[in-house]
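Below is one structure, written out as structure tokens; comments come after it.
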Amino acid sequence: MHWVFRYRRTPHEEFIIIASDGLFDVMSNEEACRFVKRNLNNLANRASALGGSTLVTEQTLTTVANKLVQFALKKGSLDNITAIIVMMN
């Protein structure tokens, strides 16, 4: 089944997680968002401590999406899992 949602964005939205049901079988929307936000912040803090840029890059998003998939697998998802993170700013 395919779902399409349409809604008005607010200025506070940072990113969208587009993922298959294998992810959401083991995580709520809120848990997935907290996971992504925490990992984006951790990577930015690490880059800043090393004198690097804190801008979110494609590589950063790929790293966090991969971590999200691995976390869902560790939580016991038995379905296929795909995740994409899209920055909204």
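Any value given below was found using the heavy atoms of this structure, including those in side chains, with hydrogens, waters and symmetry copies removed. Nothing fancy with the numbering, it's 1 onward along the sequence.
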When clusters are formed by joining ILVMFWY residues with side-chain heavy atoms under 4.5 Å apart, either directly or through shared neighbours, do Ile16 and Met87 land in the same one? no

Would a distance-only check, ignoring hydrogens and angles, find a side-chain to backbone donor-acceptor pair under 3.5 Å from Thr60 to Val56? no

Distance, nearest 0.5 Å, that separates CG of Asn89 from NE2 of His12: 13.0 Å

Scan residues 33-74 for pairs that pass ring pair (Phe, Tyr, Trp, His ring centres under 6.0 Å), counting only residues two or more places apart or in two chains. Phe35-Phe71

Under 4.5 Å between any side-chain heavy atoms of Arg46 and Leu43, yes or no? yes

Cluster check Ile17, Leu73: I/L/V/M/F/W/Y, side chain < 4.5 angstrom: yes

Are Phe15 and Ile18 co-members of a hydrophobic cluster defined by side-chain heavy atoms under 4.5 Å apart? no

Should Glu14 and Lys37 count as side-chain neighbours, where that means a heavy-atom distance under 4.5 Å? yes

Heavy-atom closest pair, residues Ala83 and Ala65: O-CB, 3.6 Å

Looking at Gly22 and Ile81, what are the two nearest heavy atoms and their distance? C-CG1, 3.8 Å

Spacing of Leu40 atom CG and Ile85 atom CD1 [to the nearest 0.5 Å]: 6.0 Å

Test of understanding: with ring pair (Phe, Tyr, Trp, His ring centres under 6.0 Å), list the residues that count as partners of Phe24, not counting sequence neighbours. none

Looking at Arg34 and Asn29, would you say the former's side chain and the latter's main chain have a donor-acceptor pair under 3.5 Å? no

Taken to the nearest 0.5 Å, the spacing of Asn39 CG from Leu61 CG works out to 11.5 Å

With heavy-atom distances below 4.5 Å as the criterion, would you say the side chains of Met27 and Leu68 are in contact? yes

Closer than 3.5 angstrom, by distance alone: can the side chain of Ser20 be matched with the main-chain N or O of Asn80 as a donor-acceptor pair? yes

Ile84 versus Val86: any side-chain heavy-atom pair under 4.5 Å? yes

Could you tell me whether Glu31 and Lys75 make a salt bridge, using a distance below 4.0 angstrom between a side-chain N and a carboxylate O? yes

Closer than 3.5 angstrom, by distance alone: can the side chain of Ser77 be matched with the main-chain N or O of Leu23 as a donor-acceptor pair? no

With sequence neighbours left out, which residue pairs that include part of residues 36-69 fulfil the ring pair (Phe, Tyr, Trp, His ring centres under 6.0 Å) condition? none

